[in-house]
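Before any comments, here is the structure.
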Amino acid sequence: MAQDRPTAIELLEAVREFLEQRVMPELDGHTAFFTRVSINVLAMLERELELGPGADEAEAKRLRALLGEDGDLARLNALLARRLREGALDDRRQEVVAHLRQTVRDKLAIANPRYLDESEPPAS
Amino acid sequence: MAEARDEAVAAALAAAVGRRLGAATAVERLERVAGGSSCETWSFDAADGAERRALILRRDPDGKPAEEALAGVDFGPGTDRDTECSVQVAVAAAGVPVPRVHFRLEPADGLGAGYVMDRVDGETIAPRILRRAAYAGARRAMARQCGDILARVHAVDVSGLPALHDLPPRVQLDQYRRLLDGLGEPHPVFELALRWLDEHLPPPSPPALVHGDFRNGNFVVGPEGIRAVLDWELAHLGDPMEDLGWLCVKSWRYGVDDKPVGGFGEREDLFAAYEAAGGAPVDRRAMRFWEIFGTLRWGEICLYQAYRHLSGQPRSVELAAIGRRASETEYDLLALIG
């Protein structure tokens with residue numbers, strides 16, 4: 001049975017707002033630093049809940065095509081890692097890199113979207 | 001519990017300081033400095049009425065470094081405090097700016113193994129060094145200062161030092177492959193990087209003393225530039241290019257990506273100063289190897305920090321969060337080798 005509103009994302013947001021608006025102004029030193037870390041983690045989790053399922057599905061689809069195998073994400077990535085270690089995909093490097101580039105972009109969109117913004121060359 | 005331990009350290013330190021710096025010397029404002037899992041760092045003042053000295057105590061409480069074998073591998077073997085002290089004294093003699101060592105601990109001090117050195121005044125926090133107006137002059141000077149410093153470090157005669165771990169590129173690559181396996185999750189981007197590194201190993205070079213963690217974040221900086229290089233606990237024998245490469249890893253630019261050297265300088269200034277100070281001609285391909293290796297290394301360190309939290313050694317939201325920063329290094333690696 002699904003939970004009542006607020007949703008998980010909405011609750012994370014509520015906790016984050018509390019920490020930002022009511023707690024941070026009261027703090028300094030190490031506790032302020034760790035609270036800021038915690039706030040950033042909550043924001044990341046909000047993004048993960050929103051973007052994660054779609055990213056995972058796209059990644060699994062690309063991996064099934066790349067590896068010619070089925071399975072869940074954990075199994076597929078373990079397989080990819082093993083084949084890369086063994087050199088079994090050396091002749092398909094461009095395909096592998098294209099897949100990994102997309103995977104890492106989606107990962108960063110959740111973990112640290114600013115890193116993507118700062119690292120991309122400016123649009124011409 | 002922590003207070004009792006602090007008091008025990010304060011008492012033993014007061015006696016140790018009294019023996020070396022004069023019986024009337026009092027230890028004041030003693031506090032444990034955060035950071036570093038393998039040994040203790042304490043800040044204190046030694047005051048004898050006339051003079052107040054700002055000092056640091058570094059020690060292995062049980063006389064040897066704490067074991068770090070969480071992921072089934074000896075994670076980048078560090079030095080013990082005696083060796084670290086000897087390295088610091090040796091590089092000081094070579095003209096490298098480091099905190100001056102006042103004395104080594106002895107068993108009679110009852111504090112384990114370690115040493116007391118100057119606490120150098122200045123800024124160590126990299127984003128501040130990179131962004132504050134006060135350090136604009138420092139930023140212009142630091143790439144050349146780094147080159148000069150590293151040339152001196154790498155020229156130290158290692159036969160006069162206690163035994164250091166010899167870690168040529170192939171050995172380090174094996175270490176980080178084993179660490180990845182020990183951490184237990186698949187990381188295809190890191191696998192790609194490991195293969196690239198395996199195929200681009202630099203030619204062997206005579207082992208030199210290397211700092212092992214030479215980066216923005218381990219310097220004490222004033223408006224004039226680098227005042228002291230800290231954290232010699234990862235010093236070892238290896239390829240000198242390793243130190244230059246680590247310094248240029250993108251993560252250590254703290255967002256100032258158009259300054260490849262630590263977010264403050266240009267590679268050509270670093271290299272020119274290094275060679276002018278007697279450093280070997282900089283091998284650009286070895287540099288590329290070590291920058292890529294350094295990116296992988298930092299990525300695995302991020303995962304390892306999260307692993308420490310998950311293993312309760314210690315529980316820490318900061319360590320947990322760092323695990324998610326590995327994705328930044330994956331991005332950087334694909335940009336470098338893709």
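Chain naming here is simple, since letters A, B, ... match the order of the sequence lines and numbering starts at 1 in each.
- The minimum heavy-atom distance linking B:Glu191 with A:Ala81 is given by the pair CG-O, 3.7 Å.
- When all heavy atoms of B:Ser327 and A:Ala111 are compared, the closest pair comes out as OG-CB, 3.6 Å.
- Within the 4.5 angstrom heavy-atom criterion, only backbone atoms of B:Ala335 (N, CA, C, O) approach chain A.
- The two atoms that bring A:Val104 and B:Leu334 nearest to each other are CG2-CD1, 3.8 Å, heavy atoms only.
- Other residues, nucleotides and ligands contribute only 12 or fewer heavy atoms inside 6.0 Å of the CD atom of A:Glu57.
- Between A:Asn77 and B:Pro188, the closest side-chain pair of non-hydrogen atoms falls below 4.5 Å.
- When each of B:Glu185, B:Glu330, B:Arg195, B:Lys250 is scored by its heavy-atom pairs under 4.5 Å with chain A, the top score falls to B:Arg195.
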**OP:** Check step by step if side chain to side chain contact (heavy atoms under 4.5 Å, CB included) holds for B:Val189 and A:Thr103.
**Re:** CA-CA 10 Å; B:Val189 176; A:Thr103 305; over 6 Å; no

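- Counted within 6.0 Å of CZ on B:Arg284, heavy atoms from surrounding residues, nucleotides or ligands total more than 12; the atom is thus considered enclosed.
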**OP:** Please test B:Glu318 against A:Phe33 for side chain to side chain contact (heavy atoms under 4.5 Å, CB included), starting from the C-alpha separation and ending with a verdict.
**Re:** CA-CA 9 Å; B:Glu318 186 194 8; A:Phe33 173 77; 3.5 Å; yes

Subject >> Pair B:Asp332-A:Tyr115, side-chain hydrogen bond (donor to acceptor under 3.5 Å, both in side chains): steps then yes or no >> reply: CA-CA 10 Å; B:Asp332 295 340; A:Tyr115 199 80; 2.6 Å; yes

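- Note: A:Leu100 leads A:Val97, A:Leu100, A:Val37 in heavy-atom pairs under 4.5 Å with chain B.
- Few gaps surround CG on B:Asp258; more than 12 heavy atoms of other groups in view lie less than 6.0 Å from it.
- Of the listed residues (A:Arg105, A:Arg93, A:His99, A:Gln94), the greatest number of heavy-atom pairs within a distance under 4.5 Å of chain B belongs to A:Arg93.
- Residues forming a ring-ring contact (aromatic ring centres under 6.0 Å, His included) with B:Phe44 (at least two apart in sequence, or on another chain): none.
- Using a 4.0 Å cut-off between charged nitrogen and carboxylate oxygen, B:Asp198 and A:Arg85 do not count as a salt-bridge pair.
- With a 4.5 angstrom heavy-atom cutoff, B:Arg177 touches chain A via backbone and side-chain atoms both.
- The pair A:Glu48-B:Arg324 counts as a salt bridge, with a side-chain nitrogen and a carboxylate oxygen less than 4.0 angstrom apart.
- With chain B as partner, the option from A:Asp90, A:Ile110, A:Leu116 having the largest number of non-hydrogen pairs under 4.5 angstrom is A:Asp90.
- Shown here is B:Arg140, whose CZ atom has no more than 12 heavy atoms of other residues, nucleotides or ligands within 6.0 Å.
- Taking a 6.0 Å sphere around CD of A:Gln3, one finds it holds 12 or fewer heavy atoms contributed by other residues, nucleotides or ligands.
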